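Nothing here was measured: the structure is a model prediction, and the numbers come from that model. All heavy atoms count here, side chains included; hydrogens, waters and symmetry mates do not. Every number for a ligand or one of its atoms is a count from 1 in the order of the listing.
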Amino acid sequence: MEPWQRLLLLLLSPLLWLPSSSSAFCTLDEEGDNCFCNFSAPEPKWNDIAMCISAVEVEILGGSHNLETFLQKDFAVSSKAVDFLKALRLKRLKLKEALIPAPLLYQFLRALTYTRMKELALEDLVISHPPLQPRSPIDNDLPLTALNLNRVSLAGESNLLAAIGPWLKPGLKALRLTGLGLGNVPCPDLGTFKELNFLDLSDNPEIGESGLTRALCLKELQELQDLVLRNTSLQSLGKVCLGLEATGTNVQRLDISYNELKDMPTTQCTWPPTLISLNLSHAQLKCVPKPLPTNLRQLDLSYNLLRKKPIFNELPQETEVILEGNPFANSSVSAKLQGKQKPLDCDVSSRGSKSGGTPLALQVSGTAALALLRGVRGFS
Ligand SMILES: *[C@@H]1O[C@H](CO)[C@@H](O)[C@H](O)[C@H]1NC(C)=O
Ligand SMILES: *[C@@H]1O[C@H](CO)[C@@H](O)[C@H](O)[C@H]1NC(C)=O
Ligand SMILES: *[C@@H]1O[C@H](CO)[C@@H](O)[C@H](O)[C@H]1NC(C)=O
Ligand SMILES: *[C@@H]1O[C@H](CO)[C@@H](O)[C@H](O)[C@H]1NC(C)=O
């Protein structure tokens, strides 16, 4: 068998191989739609992937193996292979945990252009032997609607999207570029995806507010409805608001959970009037921030440090608010706070309330003082 056929076998299965009824490495669900292969064992039987031949959705766990053996020297897709690839039902493919040489990734992308693939996810991959050969004029498009690149590192090249982007068509709807070490919203490479409606840039801690403020391409992405910036070192809600204002974006849902947002003083800023959902979960907030977007319908404030149940007029009317995981909602914590703690006044900055708490802690001694001090530190 030629190496490229083994590549297809690995990733897509060739016609020649009949699927066996059971396999130690792959499982296919009853409908024959979803197939999962786990090749983590030291000596995996790659051919077992033939079981996935009928599947619509395939997930392959590479167990950090080097896929170099699937590389073909002179790569060409024969007409027989094209027929085979066209016949596959495959729509969604996830490839996880593997070392893949750049030339193999190129052959892989090329083979995929003959399939009906709509959603591709590459996760925890190390791409060796750079550079990734650019798409050549004779290569077909890869008309994906969703691309997910999560913790993929491309040796020697920092911009993976620039390398993969040219294969895609403007029709891409959802793009996840997570855990890639991005320091910016990659505007030059996003500009072509005018139909993008979902953009996730989570787990790129170098982005920060400055990266957001510079992301002027967000304005051009007129279809963008969801912007996810989890764990991107955002620190000030005021600056996030100003950043969005600067970009002129019309997003409807913004997820900035898992950022350590310091309570913000009131800033002169207008949230995008289109914004209807704001996720501020796991954000270390001690107060309900304001101003909030005016047309907000959903606000997730779960797992923050709210010690008081927000009062009615702190929240926009007709907004669904999620408050679980806050200290006030935990009976054991709120019982401890009862009577001992001066309630935090959310109208003043948190700096003011810290000095208000300290003298109180000094009045008690021993374990109680320690416990209280710990509580007070929570305010600082
Ligand atoms: C994959 O297989 C390995 C053993 O080879 C096992 O330890 C691991 O839990 C499996 N992973 C999944 C997601 O099934
Ligand atoms: C934030 O992103 C970094 C880098 O991708 C990752 O190491 C870290 O675990 C993430 N933190 C959370 C809370 O997900
Ligand atoms: C908000 O974000 C958190 C953490 O990322 C997530 O668990 C939660 O489901 C999100 N909330 C909504 C309403 O989507
Ligand atoms: C309530 O707080 C206690 C003490 O901090 C903690 O152990 C417990 O897990 C919390 N319960 C919930 C439901 O968060």
Side-chain angles (χ1 to χ4, degrees), residues 23-29 34-46 48-49 51-52 57-65 94-98 121-126 148-154 158 160 174 176-186 198-208 211-212 225-235 237 240 251-261 275-285 288-289 292-293 296-306 315-316 318-326 329:
S23 137
F25 295 95
C26 297
T27 50
L28 182 66
D29 70 358
N34 297 289
C35 198
F36 172 68
C37 297
N38 181 352
F39 294 119
S40 301
E43 285 179 21
K45 266 173 67 195
W46 296 107
D48 277 9
I49 200 165
M51 185 176 245
C52 301
E57 184 161 345
V58 176
E59 180 173 345
I60 298 166
L61 205 58
S64 304
H65 287 290
K94 185 192 269 189
L95 180 61
K96 257 187 103 159
E97 291 177 16
L122 303 176
E123 280 190 30
D124 296 301
L125 298 187
V126 176
N148 182 357
L149 302 175
N150 184 22
R151 295 185 300 266
V152 179
S153 66
L154 177 56
S158 55
L160 188 63
R176 289 186 179 82
L177 303 169
T178 52
L180 298 181
L182 297 177
N184 263 309
V185 179
F198 181 100
L199 179 61
D200 186 349
L201 299 166
S202 300
D203 297 333
N204 288 300
E206 280 160 51
I207 291 183
L212 180 61
Q225 297 184 347
D226 286 86
L227 182 60
V228 186
L229 293 165
R230 248 173 248 162
N231 184 22
T232 50
S233 301
L234 301 174
Q235 294 184 338
L237 207 48
V240 170
V251 288
Q252 295 183 8
R253 283 170 292 272
L254 177 68
D255 181 345
I256 50 173
S257 58
Y258 287 102
N259 283 290
E260 280 188 40
L261 297 171
L275 201 60
I276 54 171
S277 170
L278 183 59
N279 194 336
L280 301 173
S281 177
H282 294 273
Q284 316 257 332
L285 292 170
V288 178
L292 285 165
L296 209 57
R297 279 193 239 138
Q298 187 182 53
L299 176 65
D300 193 338
L301 282 168
S302 60
Y303 301 95
N304 277 293
L305 303 172
L306 304 183
L315 299 166
E318 300 187 22
T319 302
E320 177 206 343
V321 187
I322 303 166
L323 289 166
E324 66 173 286
N326 278 287

Worksheet entry | N/O donor-acceptor pair under 3.5 Å between Asp300 side chain and Leu280 backbone | no
Discussion item. Please enumerate all residues that pass side chain to side chain donor-acceptor pair (under 3.5 Å) together with Asn148, with sequence neighbours excluded.
Written reply: none
Practice prompt. Could you tell me which residues satisfy side chain to side chain donor-acceptor pair (under 3.5 Å) with Asn279, sequence neighbours excluded, listed by chain and number?
Written response: none
Practice prompt. Please identify each residue that fulfils side chain to side chain contact (heavy atoms under 4.5 Å, CB included) with Thr319, with sequence neighbours left out.
Written response: Leu296, Leu299, Pro316, Val321
Discussion item. Using modelled atom types and a 3.5 Å cut-off, is there a donor and acceptor pairing between side-chain atoms of Asn304 and backbone atoms of Gln284?
Written reply: yes
Worksheet item: After noting the C-alpha distance and the side-chain angles of Thr232 and Asn204, does the key distance pass the side-chain hydrogen bond (donor to acceptor under 3.5 Å, both in side chains) rule?
Response: CA-CA 5 Å; Thr232 50; Asn204 288 300; over 6 Å; no
Practice prompt. Give the atoms of ligand 1, by number and element, whose distance to some non-hydrogen atom of Asn38 is under 4.0 Å.
Written response: 1 (C), 2 (O), 3 (C), 8 (C), 10 (C), 11 (N), 12 (C), 14 (O)
Please tabulate, line by line, the atom pairs linking an N/O of ligand 3 to a protein N/O at a distance below 3.5 Å, with the distance in Å to 0.1, or answer 'none'.
residue, atom, partner, partner atom, Å
ligand 3, 2 (O), Ser257, OG, 3.4
ligand 3, 2 (O), Asn279, OD1, 3.2
ligand 3, 2 (O), Asn279, ND2, 2.3
ligand 3, 5 (O), Arg230, NE, 3.2
ligand 3, 5 (O), Ser257, OG, 2.9
ligand 3, 11 (N), Asn279, ND2, 2.9
ligand 3, 11 (N), Asp300, OD2, 2.7

Item to complete: May I ask you to list the atoms of ligand 1 that are less than 4.0 angstrom from any heavy atom of Ala41?
Response: 5 (O)
Worksheet item: Between Glu123 and Lys94, does at least one N-O distance fall below 4.0 Å, as a salt bridge requires?
Response: yes
Worksheet item: By number and element, which atoms of ligand 2 are closer than 4.0 Å to a non-hydrogen atom of Pro205?
Response: 2 (O), 3 (C), 4 (C)
Discussion item. Against Leu125, only a single residue in Leu160, Leu154, Val152 fulfils side chain to side chain contact (heavy atoms under 4.5 Å, CB included); can you say which?
Written reply: Val152
Discussion item. Side chain or backbone, does Asp203 bring an N or O within less than 3.5 Å of an N or O on ligand 2?
Written reply: yes
